[in-house]
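To keep things clear, I will list the structure first and then write my remarks on it.
Throughout, residue positions are numbered sequentially from 1 according to the sequence presented. Note that the coordinates shown come from a computational prediction; the quantities given were computed from them, not determined experimentally. Ligands are counted one by one from 1 in listed order, and the atoms in each one are counted from 1 as well.
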Amino acid sequence: MAADRQPTLSIVDGAKSEMKDRPRGHMSNLPDEPTNRGSATSSVHAGELRQQEANAITTPIYQTSTFWFRNSKEVTDYQEGKSKREEYGRYGNPTWRSVERKISALEGGEETILFASGMCAATTTFMALLPAGSHLIVTSDCYRRTRQFIKQFLSRMGVETTIIEPSNLEAFASAIRPNTKIFFTESPTNPYLRVIDVPAFTKLAHEKGVKVIIDSTFATPVNHKALSDGADLVLHSATKYLGGHNDLLAGTVTGPRELIEPIRSALGVLGGIIDAHAAWLLLRGIKTLDIRMERHNSNGLSLARHLEAHPMIRKVWYPGLESHPDHEIAERIMNGAGGVVTFEIETDLAGAMRFIDATTIPYQAPSLGGVESLIELPVTMSFWDVPKEKREELGITESLVRYACGIENAVDIIADIDQALTKV
Ligand SMILES: *Cc1c(COP(=O)(O)O)cnc(C)c1O
């Protein structure tokens, strides 16, 4: 990783990293909020109002469906844009606003919108920004439901899509058409954790007038600042690392006001809003984002290194390992490689199931990014309804395991894996 940005990726438990942030440029926060703070400070303080009722420290949950006007002049002033205030619960809530400002500060973006889920963030964004007759480019290693939305719904709305391999810049260049509006990709991707060379892709995209949207769920703004690397919008399933406690669903989109406004307006119509309590849980979760990511990063790297040296492991995918195809890109643009490690055991499906059933720390569940480690076999979970030939084409074998490290002690995660491997 770049010397001024990330520490040693070789830290095991508890070792302190000295993660440094690049200075953030534009953002719309509270008028007096400093813009040059690191991501640990922003995680805690950004977006929070210091002046709360009764001098409370934390932001309240505004559990209200609507906001009243004290007289008719307040209504007309608001309609004429002379005053800024909340109007109705589907358009905003002060609890959301704090979360939106906090994420804007962390991403270095002008504005953020909160959604009920990551899928809602993606579908609302696509619907707002892709007119009929336009063209979209996506990468193949893409969240299953996003792929399904593109295939099942966008096609019906007259949007054409081209799928390219992650990190294949030439394929991207030749996929661009005069009507191409958006390039959308995850980075890192799932399950192979491919890292997109965001500066190179955005440079090419912008030369052709194409907007770049990065689903940064696996990276978080602590590990990668997609907007600083040129992306137009950055999207999250905040259900994962941002929330961080396996206790809520949420989605976010961050970027410049001119792109955010049509998406915010589409959300007001489509209505996929988060409720105030979930927004508050997210606000609380993000306060520890930076410190949690340090542990996710160090646990991920320790586990990946250990597995790579284990005789029963056929292959490990982790961008922090020199053996990963995108290691060089990760070193250049990321501050850490995250908590998800994908690996293939030297066994069959039954052996892989025995392994998973013998683990005692992770829960077998879809998702990632929470304090509890989660484990899954992609073949029995997210790729269950993909036909075997198609699965094999994608390289999803029956002994492929995805381990999403929580924030437990790495020594315990590794000891648990080692004993489970003896049960294969
Ligand atoms: C989970 C996930 C989503 C979907 O988010 P939800 O919050 O579950 O709707 C989208 N993209 C990625 C990369 C994800 O991991």
Could you find the nearest protein heavy atom to [atom] and give me its residue, atom name and distance?
| atom | result |
| --- | --- |
| atom 1 (C) of ligand 1 | Lys240 NZ, 1.5 Å |
| atom 4 (C) of ligand 1 | Tyr143 CE2, 3.4 Å |
| atom 5 (O) of ligand 1 | Ser237 OG, 3.0 Å |

Classify the ring geometry between Phe149 and Phe126 as parallel (under 30°), tilted (30 to 60°) or perpendicular (over 60°).
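Phe149 vs Phe126 ring planes: parallel.
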
Taking the six-membered ring for Trp, are Tyr241 and His296 parallel (under 30°), tilted (30 to 60°) or perpendicular (over 60°)?
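Ring orientation, 0 to 90° scale: perpendicular.
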
Backbone or side-chain N or O of Thr239 under 3.5 Å from ligand 1 N or O:
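Right, the criterion is met.
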
When you compare ligand 1 with Asp215, is there at least one nitrogen or oxygen pair between them that comes in under 3.5 angstrom?
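Asp215 vs ligand 1: N/O contact under 3.5 Å present.
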
Are any of the side-chain nitrogens in Arg257 or Glu111 under 4.0 Å away from the carboxylate oxygens of its partner?
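Yes.
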
Are Glu261 and Arg264 close enough for a salt bridge, meaning some N to O gap below 4.0 Å?
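Salt bridge: no.
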
Report yes or no: do Asp141 and Thr139 form a side-chain donor-acceptor pair below 3.5 Å?
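Result is no, nothing qualifies.
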
Just by distance, with hydrogens left out, do Thr112 and Ser104 show a side-chain donor and acceptor under 3.5 Å apart?
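Side-chain D/A pair, Thr112 to Ser104: present.
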
Which of the atoms in ligand 1, numbered in the order shown and given with their element, are less than 4.0 Å from a heavy-atom of [X]?
| X | value |
| --- | --- |
| Phe218 | 13 (C), 15 (O) |
| Gly118 | 5 (O), 6 (P), 7 (O), 9 (O) |
| Ala250 | 7 (O) |

Which option wins on minimum heavy-atom distance to atom 9 (O) of ligand 1: Arg145, Met119, Glu186?
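Nearest option to atom 9 (O) of ligand 1, by heavy atoms: Met119.
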
Which residue, Glu344, Glu308, Glu398, forms the salt bridge (Lys or Arg N to Asp or Glu O under 4.0 Å) with Arg314?
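Testing each of Glu344, Glu308, Glu398 against Arg314, the sole residue satisfying salt bridge (Lys or Arg N to Asp or Glu O under 4.0 Å) is Glu344.
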
